[in-house]
Amino acid sequence: MAEHYDAQAVETKWQQRWEQQGAYQVDNDDPRPSYYVLCMYPYPSGPAHQGHIRNYTFGDLLVRQRTMQGYAVLSPIGFDSFGLPAENAAIKTGTHPRLYTEARIEELKSSLKRLGASYDWRREIRSHDPLYMRWNQLIFQKFLDAGLAYRKNAPVNWCPGCQTVLANEQVLADGTCERSGDVVVKRDLEQWFFRITDYADVLLDELDGLHWPERVKTMQRNWIGRSEGAEFELRVDGRDDEEAIRVFTTRPDTSFGMTFVVLAPEHPLVDRITTDDRRLEVEAFVERVRHESDIERQSSEAPLERRGVFTGAHAINPFTGKPVPVFLADYVLITYGTGAIMAVPGQDQRDWDFATAFDLPIIRTVEPPVDWVDGPYLGDGPAVNSDWLDGLPVAQAKAKAIDWLESQGIGERKVNYRLRDWLLSRQRYWGCPIPVVHCPIDGIVKVPEDQLPVLLPDDVEFRPTGESPLRYHAGFLYTTCPKCGGPAERETDTMDTFVDSSWYFERFCDPWTTSEPIDMEAATRWMAVDQYIGGIEHAILHLLYARFYTRALGDLGLAPVDVREPFVRLFTQGMITMDGSKMSKSRGNLVAPEHYFDGVGADALRLFHLFVGPPADDFDWAEQTDQMIEGCHRFLGRLWRLGIRAVDRVELVEREPTESDLEMEKETHRLIDRVSSDFDRWSYNTAVAAAMEFVNAVYRRIQSPDAARRESVDFAVDSLLLLLAPMAPHITAELWERRHPGSPSVHTQAWPVADPAQVKVDVVTMVVQLNGKVCTRIEVGAGIGESDAIDLVQADPKVVKAIAGRSVKRVIARPPGLVNLVV
RNA sequence: GCCCGGAUGGCGGAACAGGCAGACGCGAUGGUCUCAAACACCAUUGGAGGCAACUCCAUGCGGGUUCGAUUCCCGCUCCGGGCACCA
């Protein structure tokens, strides 16, 4: 009776052995060529969920394959351990966020170990580790020195649910918080910002060179939102130059068609230019808009007549010298451009609508096509009604208009971005404190470097008041000014957790160094990350911030300056959903991996995640999913019996290779070729399918009446184990050890390489078509020539019968695959 | 509204450069083993017709290009995602 496949025993054995041997530790002086694989470090919310399993299975596969290919693979892991859920749990249950978080980390860590994922655990980073906090704070101070971090009072996004401000990136398109779903409101607050806009153009330009999904690059391009145009001044009729209105436009070529000007209601000139007869109405309008939230204002469905108001003032269009009326409208934003626009209804939809509503003139300055019906024309065409621009296409007219503005000294070329500076301060406890004090005499003063990190006090009370517990903690709050020694208050805001995740991948290169945040030598060796793997949900936030940080750190001499981009290649895996919605703790639709570890085993679960579909596609967890996982387990059972040479007690024979034995060897080479190329193109599902198909074929051969040659079968099975090692690491390690006692682990063997001569097939099935429809198939030699193929086809009895005497008009021969006869 | 994906059997999916549609797995049906079951194994499995050889239909819908289209082009429908007064 052959020993059956016991996943528990095998997996426990190997996990223990890997841990004891430190099998996945990689030293910085490893002589092999470097390869850095990284999965986005997780927020520790408890045991792993299926999304984690999927993510870390893909990563682990690559780590193991690259290791077999001869690389020193850096594969670190850590925990994004600051964040709101721990603090909310503290308010609810009274457990301290640190204890809560560390318990969750242990659970998640256990899951990852049971998955059999290979990490250099010595390099583990936790964001809340005082050593990491120290460097996080030091980097902040360097940014402060460099003017990259600053403080300003601004209307900011306040989430009443999270009781903190949010970055623009954390507010969804519908105006709700990406985390809690509450409607975000505007509040004027003094906040900390990072000057990410300084890097807007490079962050945009350098996207081109990245091997990232096009979708993600597009999302970042849209988010940065570069627009090129001109900025220029319009004198207000009857006023001096001090009160000129600056406008930004992407269409300076259409300036002759400007028939009015619109200011944002918050524009500083509103009060000064409004005429007395219009003042009451204007003030009422400004007042009304001020009381609207951003979402109300943006989603306003009020009729246009109510969304704007005439100020009574007129501005002089510098191109025509003629006055045009100045309006206010809620759709003009004070936060973009100059907060004022020139309106050209002939070439802009909103201006057209506004002009129609207020009965303002419309002048076309670009000739629309002859069949143009109505409405603003946004396309290219010759300029009209534009004096010295007439006849020029849009691009040339733009350039000429800008040249003119510059020659007149009233305007210039200008680029604007949609991207705003990154608001990083949070009014919460469980985050990294911002390391400054506020002194009534010296203002903002950095906490001296030798006093870093500023730690979070443990003895705080978590109350649902909405204010950070740090504000009530006298011991933390009251301090002395490092400069003058007088009484001062500590900053009680903490950093956005996206700060922590913006440089952890650089710290992984040498997480031990105590003299600087990033060890230059180590980072030079390992950076950039060769392959980064994570969820699409981080397409903008994390991936943009990390790119900004990498550049800024390089520019400040804190990281290798030649590492301009952190992630060379990015892979975004699909989501696991259930009934179409995201799996999450709050929805209560988590399917715990532990259940499968205890049952079919980690290898079967890994194989399932690889097999179920393209890694980039979403997968909906459904009724049949368990049975599919069972199927993967069944496959491993078949592999097991092959591996221990116990397939139905079949005896393999020693003999000179027969035709069939040689064919199996060729199939083996083809499998090696197939799996290798499938891996290279992230097609794990087809790689698994090929392995299954191969196992079926080997079974058929050894169970056939003339059996199979031992040597050929051994080559087939050993190759199979090597190819499956990155996918199902435990069972392959066990079988390899049993088959090769005393040999090094399967995971340190060289990745197999197919012999190209063996990959080639010599007999192929040639499809014979009649008028494009399949008529028959003929086995032919792979090297068959065109005329031989045609002769063969025309001699085929089936073909002769099908043609039935009709004349062949045309022959399309694509030997050896196909011949098509047209009759 | 704009941009980007996607739609293939009962289900997940395959077809990599325009050339055999449905690989592989799940499910289903029948069988072998068993006292019986579980496990395992074998066979069949897109639909319709036919005893059968075989025929017809079929990759969301409608057109087109081509000897030949799941694949390319045009026009729709539905689903998913991103952006959305950004001047």
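Every chain is numbered from 1 and lettered A, B, ... according to where its sequence line falls, protein lines coming before strand lines. Note that the structure is predicted; figures quoted are calculated from it, not measured.
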Partner nucleotide, any strand, of rU55(B) [Watson-Crick/G-U, under 3.5 Å]: rA48(B)
Side-chain ion pair, R700(A) and E693(A), N-O less than 4.0 Å: no
Minimum-distance nucleotide to N820(A) side chain [options: rA21(B), rG68(B), rA87(B)]: rG68(B)
Under 4.0 angstrom between K798(A) side-chain N/O and rC54(B) OP1 or OP2: yes
Under 4.0 angstrom between R777(A) side-chain N/O and rC20(B) OP1 or OP2: no
N-O pairing of D796(A) and K798(A) below 4.0 Å: no
Comparing R700(A) and N696(A) on RNA chain B - which has the more 5′ nearest nucleotide: N696(A)
Nucleotide rA87(B), atom P - distance to CZ of R350(A) in whole Å: 7 Å
Separation of atom CG in D620(A) from atom P in rG80(B), rounded to whole Å: 12 Å
Touch class at under 4.0 angstrom, heavy-atom based, for G631(A) against every strand present: sugar-phosphate
d(CE, M342(A); P, rA87(B)) in whole Å: 12 Å
Which nucleotide in rC67(B), rC83(B), rA21(B) has an atom nearest any side-chain atom of I540(A): rC83(B)
Syn/anti state for rA17(B) [syn: chi within 90° of 0]: syn
rA38(B) to rC33(B) separation - P atoms, rounded to the nearest Å: 15 Å
K773(A) side-chain N/O to rC57(B) phosphate OP1/OP2 under 4.0 Å: yes
Watson-Crick or G-U wobble mate for rU66(B), both contacts under 3.5 Å: none
rA17(B): pairing nucleotide in any strand, Watson-Crick or G-U under 3.5 angstrom: none
Where the chi angle of rG9(B) falls, syn if within 90° of 0 and anti if not: syn
Inter-nucleotide P distance (rC20(B), rU70(B)), Å rounded: 10 Å
Partner nucleotide, any strand, of rG1(B) [Watson-Crick/G-U, under 3.5 Å]: rC83(B)
Candidates rC26(B), rA87(B), rC3(B) - which lies nearest the side chain of R634(A): rC26(B)
Check: rC83(B) base within 3.5 Å donor-acceptor of N222(A) side chain: no
Nearest-Å distance for atom pair CE/P, residues M628(A) and rG10(B): 17 Å
Residues E228(A), R413(A): salt bridge by 4.0 Å N-O rule: no
Rounded C1' spacing from rC79(B) to rC41(B) in Å: 42 Å
Integer angstrom distance from the C1' of rU71(B) to that of rU66(B): 13 Å
F608(A) CZ to rG13(B) P, straight-line distance once rounded to whole Å: 10 Å
Identity of whatever pairs with rA23(B) - Watson-Crick or G-U, under 3.5 angstrom: none
V822(A) or F611(A), whichever maps to the more 5' nucleotide of RNA chain B: F611(A)
Pairing partner of rU34(B) (Watson-Crick or G-U wobble, both distances under 3.5 Å): none
Side-chain N or O of S227(A) closer than 4.0 Å to phosphate OP1/OP2 of rA87(B): yes
Mate of rC76(B) where both pairing distances stay under 3.5 Å, Watson-Crick or G-U: rG60(B)
Distance-only donor-acceptor check, side chains T765(A) and E779(A), under 3.5 Å: yes
Side-chain-base donor-acceptor pair under 3.5 Å for Q769(A) and rG19(B): yes
Nucleotide nearest I341(A) (side chain, heavy atoms from C-beta), chosen from rC67(B), rA87(B), rG10(B): rA87(B)
Spacing between E214(A) atom CD and rC3(B) atom P, to the nearest angstrom: 16 Å
Of the listed nucleotides rC67(B), rG12(B), rC86(B), the one nearest the side chain of R810(A): rC67(B)
Options rG19(B), rG25(B), rC3(B), nucleotide nearest the side-chain atoms of M692(A): rG25(B)
Distance (rounded to the nearest 0.5 Å) between F608(A) CZ and T57(A) OG1: 11.0 Å
Minimum side-chain heavy-atom gap Y417(A)-D201(A) below 4.5 Å: yes
Sidechain N-carboxylate O distance under 4.0 Å for E214(A), R221(A): yes
From CA spacing to verdict: side-chain hydrogen bond (donor to acceptor under 3.5 Å, both in side chains), T577(A), D620(A): CA-CA 5 Å; T577(A) 58; D620(A) 199 60; 2.6 Å; yes
Proximity to the side chain of D678(A) - top-ranked nucleotide from rC67(B), rC24(B), rC16(B): rC16(B)
Under 3.5 Å side-chain donor-acceptor pair for Q220(A) and R547(A): yes
Whole-Å P distance, rG81(B) and rC76(B): 23 Å
Rounded interatomic separation in angstrom, taking CZ from R641(A) and P from rC41(B): 5 Å
Residue-phosphate contact under 4.0 Å: N685(A) side-chain N/O, rA14(B) OP1/OP2: yes
Atom-pair distance (CH2 on W621(A); P on rG12(B)), nearest Å: 15 Å
R638(A) side-chain N/O to rC41(B) phosphate OP1/OP2 under 4.0 Å: yes
Whole-Å P distance, rG49(B) and rC3(B): 47 Å
Integer angstrom distance from the P of rA15(B) to that of rC24(B): 13 Å
Side chain R420(A) and base rC86(B) donor-acceptor under 3.5 Å: yes
Sugar-phosphate, base or nothing in reach of V344(A), heavy atoms under 4.0 Å: nothing
Sugar-phosphate, base or nothing in reach of Q627(A), heavy atoms under 4.0 Å: sugar-phosphate
Closest non-hydrogen atom pair, F232(A) against M258(A): CZ-CE, 4.1 Å
Touch class at under 4.0 angstrom, heavy-atom based, for Y417(A) against every strand present: nothing
Complement of rU71(B), any strand, by Watson-Crick or G-U distances under 3.5 angstrom: none
Gap in Å between the two P atoms, one belonging to rC61(B) and one to rA7(B), rounded: 13 Å
